Amino acid sequence: MRHTGEVKRLVLLGPGHPHLLLLAHLARARPSGVEVVLVSQGPAQLYSGMLSGCLAGMYPPAALQVDLPALARAAGARLEQSGAQGLEASARRVRLGDGRVLDYDVASVDVGSAPAHDEVPGVHALAVPLKPLAGALTRLRRLSAGPLLVVGAGAAGVELALCLQARAQVPTALVERGPCALPEQSARAQRLAARVLARRGIAVHAGESVAALEPGEEGLQRARLGSGRTLPFATCVWATGPRPHPLLASCGAALDAQGYLAVHDTLESTSHPGLFAAGDCAGFVSGQHVPRAGVYAVREAPVLIHNVSARLTGTEVLRRYRAQSGYLALLNAGDGTALGAWRGWAAEGRVLLRLKDRIDRRFMARFPRRSSD
Ligand SMILES: Cc1cc2nc3c(=O)[nH]c(=O)nc-3n(C[C@H](O)[C@H](O)[C@H](O)COP(=O)(O)OP(=O)(O)OC[C@H]3O[C@@H](n4cnc5c(N)ncnc54)[C@H](O)[C@@H]3O)c2cc1C
């Protein structure tokens, strides 16, 4: 980023993947003429790719925590840790959690998504939501003895069920609304997941949805399913996939049909030039298919870096992001192996876990890590 003349303010809402990479870029480029403010909800950003491995005992918590004060310092940015409470796109300002207001010239939103729970009774009180990840990590590291129930058998749910079961050795079950585990993967990946889960003794209740979580018997809770069956649990993890972050609904910028911030392929808001969104919170109006996965968020970063700079300087043409047509999904199985799925191919083994470990460590090596939990 090159800047001349007056100092402009760039506000980065949320320390998601693209913003971490933007800050790492700033640490190298150190542009002048721009004041950068990163708004986070605390001093660390947890990397989801290593969360299940940490819960399986493969990594200490510090290994997956980016040290935000150190990263901001290196990038010459100011860190505001009280979170963003509101975004007013038309007024170009952000309300911080501590009540202060920040005006901006250019802003980028990368606050991720919220867990979907469809207002199921009992979820708030009795389930562990995956977001924020820091809360999930704290609660799931101290798993109670007794049955574990994971609601949602997408990639995150299956990986967590395998990793938590490997560590805690408790009866484990998955509930999935779709017809099988990994409903969005290929038929071969679904068959592989079914085999691995069966071998590990993890029950899959497919074609079922949870109607309510409620107090049960003998000190346990229970999930009441749509079919009327009940499943007892000591711990319930709610992994039903993403929904729009609550910050978006009231921000005044255009949203897509699902409620995500509507962006062009340039990642810029369709209604408010100078406002960008990346990662899970962006909704592409061009119709290109961009799954809500870290792999895609990471690939958006170079386009975001270029286009934010272009808006700050007013001198360059915006670039377009083109999502890759597929990606290698790697799920840690918690037992020294991983499951891999790429288009119609699927396999399991130790080599795949080594590959996943290498990819994840390489990503984290780009940022300063917290030295303790
Ligand atoms: C258990 C699990 C495992 C996963 N594994 C993989 C994987 O292996 N590969 C893969 O591609 N994808 C994986 N995903 C999906 C992946 O985590 C998300 O798609 C990815 O994190 C999205 O990145 P992001 O940049 O949109 O936001 P996030 O990584 O979610 O980061 C957003 C940040 O913004 C912060 N924030 C939220 N609200 C505010 C606010 N009001 N003010 C300030 N900050 C705020 C959040 O605390 C968070 O730190 C996994 C998800 C889970 C839950």
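In this text the structure is predicted, and so the values were computed from the model without any measurement. Numbers for residues simply follow the sequence, beginning at 1. First listed ligand is number 1; within each ligand, the first listed atom is number 1.
For ligand 1, the atoms closer than 4.0 angstrom to any heavy atom of P18 are 25 (O). Close contacts of ligand 1 with G279, meaning ligand atoms under 4.0 Å from a residue heavy atom, involve 26 (O). Ligand 1 places these atoms under 4.0 Å from at least one heavy atom of H245: 37 (C), 38 (N), 39 (C), 41 (N). Of all atoms in ligand 1, numbered sequentially from 1 with element shown, those under 4.0 Å from a heavy atom of D110 are 24 (P), 25 (O), 26 (O), 27 (O), 32 (C), 33 (C), 34 (O). Listed by atom number, the atoms of ligand 1 under 4.0 Å from K131 heavy atoms are 30 (O). Within ligand 1, counting atoms from 1 as listed, the ones closer than 4.0 Å to a heavy atom of A293 are 11 (O), 12 (N), 19 (O). When each atom of ligand 1 is checked for a heavy atom of K356 under 4.0 Å away, the hits are 8 (O). Within ligand 1, the atoms closer than 4.0 Å to a non-hydrogen atom of H17 are 20 (C), 21 (O), 23 (O), 24 (P), 25 (O), 29 (O), numbered from 1 in the order shown.
Side chains of S286 and H264: a donor-acceptor N/O pair is absent below 3.5 angstrom, by distance only. Side-chain atoms of R343 and S325 include a donor-acceptor pair closer than 3.5 Å. No side-chain N or O of N307 forms a donor-acceptor pair with one of E268 less than 3.5 Å apart. Between the side chains of Q165 and T172, not a single donor N or O lies within less than 3.5 Å of an accepting N or O.
Counting all heavy atoms, side chain and backbone alike, L192 lies closest to A347 at CD2-O, 3.3 Å. The nearest pair of heavy atoms linking R177 to S209 is NE-CB, 3.8 Å.
Atom 47 (O) of ligand 1 has as its closest protein heavy atom Q41 OE1, 3.1 Å. For atom 1 (C) of ligand 1, the nearest non-hydrogen atom of the protein is L51 CD2, 3.8 Å. Considering only non-hydrogen protein atoms, atom 48 (C) of ligand 1 sits nearest to Q45 OE1, 3.4 Å. Distance from atom 27 (O) of ligand 1 to its nearest protein heavy atom, with residue and atom name: G112 CA, 3.4 Å. Distance from atom 12 (N) of ligand 1 to its nearest protein heavy atom, with residue and atom name: G294 N, 3.0 Å. Regarding atom 13 (C) of ligand 1, its nearest protein heavy-atom neighbour is S48 OG, 4.0 Å. In terms of protein heavy-atom proximity, atom 7 (C) of ligand 1 is closest to G49 CA, 4.3 Å. Among all protein heavy atoms, the one lying closest to atom 35 (C) of ligand 1 is P15 CD, 3.6 Å.
Put simply, no part of Q85 is less than 4.0 Å from ligand 1, judged by heavy atoms. Under the 4.0 angstrom criterion for non-hydrogen atoms, L130 is in contact with ligand 1.
Ring pair H17/Y47 is perpendicular by interplanar angle, where above 60° counts as perpendicular and below 30° as parallel.
Between the side chain of D98 and the main chain of S82, no donor-acceptor pair closer than 3.5 Å is present.
Hydrophobic clustering, with ILVMFWY side chains joined whenever heavy atoms are under 4.5 angstrom apart, groups L143 together with L174.
Salt bridge status for R195 with E348: absent, with no side-chain N to carboxylate O gap under 4.0 Å.
The option with the heavy atom closest to atom 32 (C) of ligand 1, from among I359, V111, L328, is V111.
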Quiz item: Checking salt bridge (charged side-chain N to carboxylate O under 4.0 Å, His left out) for the pair E184/R292: CA distance, chi angles, key distance, verdict?
Solution: CA-CA 12 Å; E184 291 179 2; R292 293 200 154 78; over 6 Å; no
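For E217, the CD atom counts as loosely surrounded, since its 6.0 Å shell holds 12 or fewer non-hydrogen atoms of other residues, nucleotides or ligands. Within a 6.0 Å sphere centred on CZ of R299, heavy atoms belonging to other residues, nucleotides or ligands number 12 at most.
Among the atoms of D280, some N or O lies under 3.5 angstrom from an N or O of ligand 1. Polar contact check, Y327 against ligand 1: no nitrogen or oxygen pair lies under 3.5 Å apart.
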